[in-house]
Amino acid sequence: MSTDDLERIFQRAKQGKALFKDREVLTPDYIPARLPFRDAQSSAIAEVLAPVLHGSKPSNLLLYGKTGTGKTAVARYVLSKLKEQTDTQDLTTVYVNTRLANTEYRTLAELGGTLGLKLPFTGLSMGELLSRVEQEIQARHTRVILVLDEIDYLVKNSTDEILYGLTRSNEQLSPGFLSLVGISNDLQFKESLDPRVLSSLSEEELVFPPYTVTELQEILAERAGLAFRKGAMSSSAINLCAAIAGSEHGDARRAVDLLRISGEVAEREGLEQVDDESVRKASAKMEQDRIDEALRSLPIQNKAILLASSRFPSGTNTGELYIAYNNICKRSGLEVLTQRRVSGILAELDLLGLVEASVVSQGRRGRTKRIRLLIGLDKLEKILAEDPTFEAINRT
DNA sequence: CCTCCACTGGAAACCTAGGCTC
DNA sequence: GAGCCTAGGTTTCCAGTGGAGG
């Protein structure tokens, strides 16, 4: 890229009018001043939590709904309003996303951290950790409302030990108490839960239906009004955003993301207005970015397996791929994993949408996974070439 | 209708790297 | 330092299986 190119980019940025008024409004962390179409849910949660204001313990609460239906936003919104009502120190609200926290341990540690405890990354037993947190709550006479977002993830990836512990400590604490608000994307996660935990956790339940396309349109229009300058966003572009996001299960978060990226695309191209074309480009870009990012952040072994599957443009099966994978490992000095593990990694790659690995039966010739690469060869090679491990191979 | 392939996928055990307490 | 904890990735072991070819 020459300096001329750079100049042209900057020049265009200077000339083109800034389309955004306040980009923040379209970031995932933004909590809107008002949540359209969620009044019923907001007030239901408020009803459940209200007792905390005169010192009694609210029921535990479970929120259900698919991604982007506003569960998290509503929960945080109500919590922040609740906070405004109490000026005392004795109400602590904690929000933990268990998927980001990743493990039971880190979830609890995060709770402890918000309470002001200093906890190590690892090393304590779960029991020890729990009792430390309990002690802190008692010592402070504090009331805690703990929001566990994506709680299904926690249950799926470990036991429900922590939930059991938390619901139990609930009963034992005094003074002070701990109320739980669980948020789940998965409507069936209840089935994998210990019945004791379930009955305690879901004293109250609330379901969030997906947004309809018309609802999305209104939400987006409102956000767009705050985020963009007047006239910088065509209404047909808003409708297109709503339609694209709506066709993917009424996910409001993705709709808002799409809106923001459309704006960025249009701004970069020096347009006066975000049009349908920008939205389409943004939509394609989001999909592309998702794949690139998934590829880049893959562990080395997963990359090696992808590389192996790229040797078979018309698809292959586990056994054949394992042989190719073995070759690649030998040539790049990589440790060779067992076939069992490779099979597991293939399932992971399938989940990421990088590879299609479906189990097929070939009668006499056994059962195996039919494996097909779902990403472009050139793209894969380009990104994997960034990894020094595969240098030797790429040259041949 | 039966066989038997080439795996699948569950379960448990193992290993490493971290950290605690005494 | 000994003896205990955890996470997370891996290996080991193995019972289970869909369906083409007999």
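In what follows, every chain begins at residue 1, and chains take the letters A, B, ... in the order their sequences are listed.
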note = Residues A:C329 and A:E335: closest non-hydrogen pair is SG-O, 3.7 Å

message = Looking at A:R229 and A:E272, is any side-chain nitrogen of the basic one under 4.0 Å from a carboxylate oxygen of the acidic one?
response = no

inquiry  = Taking atom CZ as the centre, does A:R23 end up with more than 12 heavy-atom neighbours from other residues, nucleotides or ligands that are less than 6.0 angstrom away?
reply    = yes

ask   = Is the distance from OP1 or OP2 of B:dA6 to the nearest side-chain N or O of A:K369 less than 4.0 Å?
value = no

message = Who clusters with A:V359? Use side-chain heavy atoms, under 4.5 angstrom, across I, L, V, M, F, W and Y, and order the result by chain and number.
response = none

query = In B/S/- notation, 5' to 3', how is nucleotides 10-18 of chain C contacted by protein heavy atoms closer than 4.0 Å?
reply = SBBB---BB

task = Give a yes/no answer on whether the side chain of A:T368 brings an N or O atom under 4.0 Å of OP1 or OP2 in B:dA6.
result = no

query = Which whole-number value in Å describes the distance from A:L321 CG to B:dA6 C1'?
reply = 15 Å

query = Hey, is CZ on A:R260 packed in by over 12 heavy atoms from elsewhere, all under 6.0 Å?
reply = yes

A:I323 CD1 - B:dC7 C1' separation (whole Å) = 13 Å

ask   = Just how far, in rounded Å, is P of B:dA6 from CG of A:N317?
value = 10 Å

query = Hey, do the aromatic rings of A:F228 and A:F20 have their centres closer than 6.0 Å?
reply = yes

